[in-house]
2 protein chains.
Amino acid sequence: MTEITKLQSACSQCNLQELCLPIGLSEAELSLVDSLVDERRKIARGEAIFRSGDRFTAIYAVKLGFFKTEVLSEDGRHQVTSFYMPGEVLGMDGISAETHHCDAIALEDSEVCLIPFHELETISVKIPTMQRHLHRVMSREIVRDQGMMMMLGAMRAEERVIAFLLNLSQRYAARGYAAADFNLRMTREEIGSYLGLKLETVSRTFSHLQEEGLLQVEKKHIRLMDAAKLKKMLSQEGIGR
Amino acid sequence: MTEITKLQSACSQCNLQELCLPIGLSEAELSLVDSLVDERRKIARGEAIFRSGDRFTAIYAVKLGFFKTEVLSEDGRHQVTSFYMPGEVLGMDGISAETHHCDAIALEDSEVCLIPFHELETISVKIPTMQRHLHRVMSREIVRDQGMMMMLGAMRAEERVIAFLLNLSQRYAARGYAAADFNLRMTREEIGSYLGLKLETVSRTFSHLQEEGLLQVEKKHIRLMDAAKLKKMLSQEGIGR
DNA sequence: CGGCAATTTGAAGACGCTCAAGCAATGTGG
DNA sequence: CCACATTGCTTGAGCGTCTTCAAATTGCCG
């Protein structure tokens with residue numbers, strides 16, 4: 001890893017800082033963090049950062065690109081459990097048993113910052129702000145998962161698809177991208193797996209929402225034509241299962 | 001809170017220690033933890049430890065009894081996201097936004113140990129073992145949630161029910177109770193909500209498994225007649241949805 | 001002991017799945 | 001550079017699982 005890469009990867013210079021590290025650290029603290037995050041890694045589309053069973057050593061902040069995580073059960077079944085975009089942190093499933101429990105796979109050519117976890121714990125002792133932040137990031141993942149369970153357990157197909165699109169929209173917006181006009185990085189099958197639906201159902205739902213004039217779908221390109229109405233459909237629709 | 005209650009609540013005396021705190025702390029460290037966990041609280045059946053929107057101040061270790069957590073969406077819908085038994089820790093959803101995102105409700109008269117979270121963070125700085133443990137407990141929750149998503153997204157009704165029963169069984173066993181013979185603390189409706197099914201479906205599935213001779217169900221009393229076969233049904237059955 | 005909650009069971013219907021075919025876009029090798 | 005294979009997506013038809021609605025029974029809390 002060249003010196004130039006090291007400079008590039010400095011957290012103190014990163015435009016994702018506010019998403020990744022939540023709030024202001026002092027300059028001295030930031031330079032401590034810089035020394036912690038010393039490696040940046042390129043992951044080609046389709047490649048994994050880690051796989052289920054790999055020894056856990058670090059967590060990863062997405063610098064560029066897009067990832068999915070996927071769990072596999074004993075039999076062949078697998079399910080997408082999350083998508084990650086720049087500024088989001090993945091790999092925390094590995095902490096509990098020092099072993100990862102899912103695969104983290106790049107959906108496009110991507111880059112991640114590698115954060116050695118035990119060093120992070122050490123630094124957290126010196127910087128209470130950092131410790132608090134770590135706890136919040138972990139807790140946010142727990143809250144997100146709870147929302148996911150809610151979706152999988154209580155929503156019908158159309159609602160799940162809408163919730164998925166609105167969630168993406170909001171995350172793009174938080175990154176300064178258009179909220180109502182974006183490209184999907186994942187296939188219909190991956191969306192289906194994530195939402196607990198078959199890919200045909202996802203496709204049909206897209207078509208249906210398009211007929212209603214709520215959406216424009218052209219391959220991977222999505223345009224939300226009436227986000228307000230979509231939101232209403234989420235909170236008003238039938239009680240589901 | 002009387003002195004006697006304080007003595008009773010000492011972590012150093014607690015028989016759930018190994019489940020709640022994972023591994024050995026020194027005596028000095030244990031007494032630090034004792035001074036942290038200074039309050040024990042009784043929660044009557046049906047009462048909440050905290051509710052969605054409550055300010056987050058502490059996490060809670062179940063000392064005695066049984067709890068569910070439940071999230072509510074804007075519309076009336078609600079879903080059980082977890083059940084907790086003695087030795088398990090709940091409330092970590094509140095860390096991220098200093099606010100709880102679910103209700104924690106006692107399914108029977110219960111007792112919890114209250115662990116003030118910011119004091120826990122402070123102590124973690126002094127006891128690295130404690131910090132590691134906290135991180136593991138949080139991570140375990142993340143892993144558990146991923147398994148839950150897998151279940152909700154990829155399993156059919158019968159499999160979900162079986163997975164639920166086997167999970168309970170295993171947790172009872174870990175506490176020294178019979179693995180194949182236990183009482184459900186929750187209603188069919190709560191089980192259904194947790195599993196993303198209607199209560200009628202849960203009931204029918206119980207009946208069906210009983211006809212097959214795999215289970216004996218008498219109201220809340222469950223007896224697993226062939227745990228091995230049940231396990232097989234989980235890993236071999238159809239690909240589901 | 002009464003009233004209400006929880007559970008069981010049946011019958012009918014809906015939603016999403018399975019299977020299948022066709023098409024478009026992309027990539028590969030001759 | 002074109003033929004061919006591959007992958008991803010759409011759409012249709014039929015079917016199965018789980019839900020919905022309904023009623024009867026049981027058990028428990030006050």
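Chain identifiers are assigned alphabetically (A, B, ...) following the order of the sequence lines, protein sequences preceding nucleic acid strands; residue numbering begins at 1 within each chain.
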Closest to the side chain of A:Thr201, out of D:dT19, C:dC17, C:dG16, is C:dC17

Nearest-Å distance, [atom1] ([X]) to [atom2] ([N])?
{"X": "B:His208", "N": "C:dT8", "atom1": "NE2", "atom2": "P", "answer": "15 Å"}
{"X": "A:Ile191", "N": "C:dG16", "atom1": "CD1", "atom2": "P", "answer": "16 Å"}
{"X": "B:Met155", "N": "D:dC18", "atom1": "CE", "atom2": "P", "answer": "13 Å"}
{"X": "A:Arg156", "N": "C:dG16", "atom1": "CZ", "atom2": "C1'", "answer": "10 Å"}
{"X": "B:His221", "N": "C:dT8", "atom1": "NE2", "atom2": "C1'", "answer": "19 Å"}
{"X": "B:Lys198", "N": "C:dA6", "atom1": "NZ", "atom2": "P", "answer": "14 Å"}
{"X": "A:Leu195", "N": "C:dG16", "atom1": "CG", "atom2": "P", "answer": "12 Å"}
{"X": "A:Glu218", "N": "C:dA25", "atom1": "CD", "atom2": "C1'", "answer": "13 Å"}

Whether A:His100 and A:Phe56 hold their rings parallel, tilted or perpendicular, with breakpoints at 30° and 60°: perpendicular

Requested in this report: Look at the aromatic rings of A:Tyr172 and A:Tyr177 and report parallel, tilted or perpendicular, splitting at 30° and 60°.
Outcome: perpendicular

| task | May I have the step-by-step check of salt bridge (Lys or Arg N to Asp or Glu O under 4.0 Å) for A:Glu111 and A:Arg41, ending in yes or no? | result | CA-CA 6 Å; A:Glu111 287 180 38; A:Arg41 189 175 293 176; over 6 Å; no

Double-helix bend of the helix from C:dC1-D:dG30 to C:dG30-D:dC1, axes at both ends from 5 pairs, round to 10°, gives 50°

Do NZ/NE/NH1/NH2 and the carboxylate oxygens of [X] and [Y] come within less than 4.0 Å?
{"X": "B:Arg140", "Y": "B:Glu88", "result": "no"}
{"X": "A:Asp103", "Y": "A:Arg51", "result": "yes"}
{"X": "A:Lys198", "Y": "A:Glu189", "result": "no"}

> Are B:Arg175 and B:Phe182 in a cation-pi contact, defined as NZ or CZ under 6.0 Å from the six-membered ring centre and within 45° of the axis?
Replying inline: no

For the residue pair B:Cys102 and B:Glu70, establish whether any side-chain heavy-atom pair is separated by less than 4.5 Å. no

Subject >> Side chain proximity check, B:Gln210 to B:Met225, heavy atoms < 4.5 angstrom >> reply: no

Between the protein and nucleotides 7-10 of chain D, which nitrogen or oxygen pairs are less than 3.5 angstrom apart?
residue, atom, partner, partner atom, Å
D:dC9, OP1, A:Lys220, NZ, 3.3
D:dC9, OP2, A:Arg188, N, 2.7
D:dT10, OP1, A:Arg188, NH2, 3.1
D:dT10, OP2, A:Arg188, NE, 2.8
D:dT10, OP2, A:Ser203, OG, 2.7
D:dT10, O5', A:Ser203, OG, 3.1

